[in-house]
Asker: 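Here it is, the structure in full.
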Amino acid sequence: MKKHLKTLIFAAMTAAVLSCGMNALAVSDVHATLFTSPVFVEGRRAYCLNPQGKGVEYLSYNGTTYIPIRTAGEWMGKNVAWDEDSKTITLSGINEKIYHDTIVDRAVDDDTFLKMSDNGVTVRLRDDIKVVVDGKEQTFQNAKGETVYPINFNNMNYLPVRNIGELSGMTVKYMPQSSPQLHEAIYLRTALTDSQIADGTAY
């Protein structure tokens, strides 16, 4: 009986340790870099602003570029809501799409920006967050088909650029740096309809 009890206790402790380990992986701090290369949306360079109207940078983690949910909502023409209890980001409604083509001030001073550019930043990987767009829960994938999750930085949640572009009906193309003169860039543009392609061909 005593041996059986020891086995049960050991099994319970092992399960608890494994559970803690899994939770640590679920919400964990990871290293990200700033993506300071240009991002063009519908032919215009687009910048991200925080709720105070200050410029913030795109972030890059594990090959995926991220934008704040505020920017995601503006690009999609959606209202953005956050529910802390259920850890859910909701994008819904129909608004005018907004693309900021300039920034007046950054959210951080020049010295801090340079340090962040050189050293990167610590962000929190959040696979506990649900993202719901117009009532449908979304799962995000990178160009390789691997699952990617939201990240959190400076109390703002960020979503992957590729998936937000695709949800907005845009094609998303990453162009790597091909020469010292041609820097890397990301291009998002609304895909042409069949009739628009036919009109262009006829013209």
Asker: Examine distances only and state if a side-chain atom of His31 and a backbone atom of Asn119 form a donor-acceptor pair shorter than 3.5 Å.
Answerer: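 Such a contact is found between His31 side chain and Asn119 backbone.
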Asker: Supply the atom-to-atom distance Ile186 CD1 to Met175 CE, rounded to the nearest 0.5 angstrom.
Answerer: 12.0 Å
Asker: Find out if a path of hydrophobic residues (ILVMFWY) with successive side-chain heavy-atom gaps under 4.5 Å connects Val132 to Ile69.
Answerer: no
Asker: Answer yes or no: is there a donor N or O on one side and an acceptor on the other, between the side chain of Glu166 and the main chain of Thr171, under 3.5 Å?
Answerer: no
Asker: Quick check against the 3.5 Å criterion: does Asn154 have a side-chain atom that pairs as donor or acceptor with the backbone of Met156?
Answerer: no
Asker: If you round to the nearest 0.5 Å, how far is CZ of Arg162 from CD1 of Ile164?
Answerer: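 Reported to 0.5 Å precision, the distance equals 12.5 Å.
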Asker: Tell me, do His100 and Glu74 make a side-chain contact under 4.5 Å, heavy atoms counted?
Answerer: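 His100 vs Glu74: side chains touch.
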Asker: Closest heavy-atom contact between Ala107 and Val56?
Answerer: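 What the structure gives for the nearest pair is CB-CG1, 3.8 Å.
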Asker: Take Met76 and Leu167, measure what side chain to side chain contact (heavy atoms under 4.5 Å, CB included) needs, and give me the verdict at the end.
Answerer: CA-CA 8 Å; Met76 297 177 73; Leu167 284 168; 3.7 Å; yes
Asker: Roughly how far apart are Arg45 CZ and Ile103 CD1, rounded to 0.5 Å?
Answerer: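 Separation between the atoms: 8.5 Å.
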Asker: At their closest point, which heavy atom of Val131 faces which heavy atom of Pro150, and how far apart are they?
Answerer: CG2-CG, 4.1 Å
Asker: According to a 4.5 Å side-chain heavy-atom criterion applied to Ile, Leu, Val, Met, Phe, Trp and Tyr, with indirect links allowed, do Val161 and Val30 form part of one hydrophobic cluster?
Answerer: yes
Asker: Looking at every heavy atom in both Phe153 and Thr122, which two are closest together, and how far apart are they?
Answerer: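 Minimum heavy-atom contact is CD1-O, 3.5 Å.
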Asker: Got a list of side-chain donor-acceptor pairs under 3.5 Å for residues 83-94, not counting sequence neighbours?
Answerer:
from, atom 1, to, atom 2, distance (Å)
Asp83, OD2, Ser86, N, 2.8
Asp83, OD2, Ser86, OG, 2.6
Glu84, OE1, Trp82, NE1, 3.0
Glu84, OE2, Lys87, NZ, 3.1
Ser86, OG, Thr88, OG1, 2.9
Lys87, NZ, Glu84, O, 3.0
Thr88, OG1, Ser86, O, 3.2

Asker: If hydrophobic clusters are built by linking Ile, Leu, Val, Met, Phe, Trp and Tyr wherever their side-chain heavy atoms come under 4.5 Å apart, do Leu59 and Tyr47 end up in the same one?
Answerer: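 No, Leu59 and Tyr47 fall in different hydrophobic clusters.
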Asker: What distance do Ser178 atom OG and His183 atom NE2 have between them, rounded to the nearest 0.5 Å?
Answerer: 10.0 Å
Asker: Among the clusters formed by ILVMFWY side chains lying less than 4.5 Å apart, do Trp75 and Phe40 turn up in the same one?
Answerer: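 Looking at the clustering, Phe40 is in a separate group from Trp75.
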Asker: Would you say Thr112's side chain and Val108's backbone share a donor-acceptor pair under 3.5 angstrom?
Answerer: no
Asker: Using side chain to side chain contact (heavy atoms under 4.5 Å, CB included), reason through Val39 and Tyr187 one step at a time and then give a plain yes or no.
Answerer: CA-CA 6 Å; Val39 175; Tyr187 297 87; over 6 Å; no
Asker: Can you hop from Leu49 to Phe113 via hydrophobic side chains spaced under 4.5 Å?
Answerer: no
Asker: Compare all side-chain heavy atoms of Thr147 with those of Tyr149 and state whether any distance is below 4.5 angstrom.
Answerer: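 They are in side-chain contact.
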Asker: As an exercise, state the distance from CG of Leu188 to NZ of Lys173, rounded to the nearest 0.5 Å.
Answerer: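 Rounded to the nearest 0.5 Å, the CG-NZ separation comes out at 12.5 Å.
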Asker: Restricting to non-hydrogen atoms, name the atom on Gly165 and the atom on Val172 that form the minimum distance, rounded to 0.1 Å.
Answerer: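 Shortest heavy-atom contact: CA-CG2, 4.1 Å.
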Asker: Does a salt bridge link Asp101 with Arg44, judged by any charged N lying under 4.0 Å from a carboxylate O?
Answerer: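 Answer for the salt bridge query: no.
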Asker: Please tell me if the side chains of Leu159 and Phe140 come closer than 4.5 Å, counting only heavy atoms from C-beta onward.
Answerer: yes
Asker: Between Thr102 and Val104, is the side chain to side chain contact (heavy atoms under 4.5 Å, CB included) condition met? List the steps.
Answerer: CA-CA 7 Å; Thr102 186; Val104 178; 5.6 Å; no
Asker: When you look at CG of Asp110, are more than 12 heavy atoms from neighbouring residues, nucleotides or ligands closer to it than 6.0 Å?
Answerer: no
Asker: For the residue pair Val123 and Asn152, establish whether any side-chain heavy-atom pair is separated by less than 4.5 Å.
Answerer: no
Asker: Would a 4.5 Å heavy-atom cut-off, applied to side chains only, mark Arg189 and Met170 as touching?
Answerer: no
Asker: With sequence neighbours left out, write down each residue that passes side-chain hydrogen bond (donor to acceptor under 3.5 Å, both in side chains) with Asp105, or none if nothing qualifies.
Answerer: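 None.
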Asker: Assess the residue pair Val27 and Arg124 against the criterion (side chain to side chain contact (heavy atoms under 4.5 Å, CB included)); give the C-alpha distance rounded to whole Å, side-chain angles, the decisive distance to 0.1 Å, and a yes or no.
Answerer: CA-CA 7 Å; Val27 179; Arg124 179 150 286 194; 3.4 Å; yes
Asker: Checking the side chain of Thr71 only, and the main-chain atoms of Ile67 only, is there a donor and an acceptor separated by less than 3.5 Å?
Answerer: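 A pair under 3.5 Å: no.
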Asker: Determine whether Lys97 and Tyr99 make a side-chain contact, defined as any pair of heavy atoms from C-beta on separated by less than 4.5 Å.
Answerer: yes
Asker: Decide whether Glu184 and Tyr174 meet the rule of one side-chain donor and one side-chain acceptor closer than 3.5 Å.
Answerer: yes
Asker: Under the side-chain hydrogen bond (donor to acceptor under 3.5 Å, both in side chains) rule, what pairs show up with a residue in residues 53-68, not counting sequence neighbours?
Answerer: Glu57-Arg106
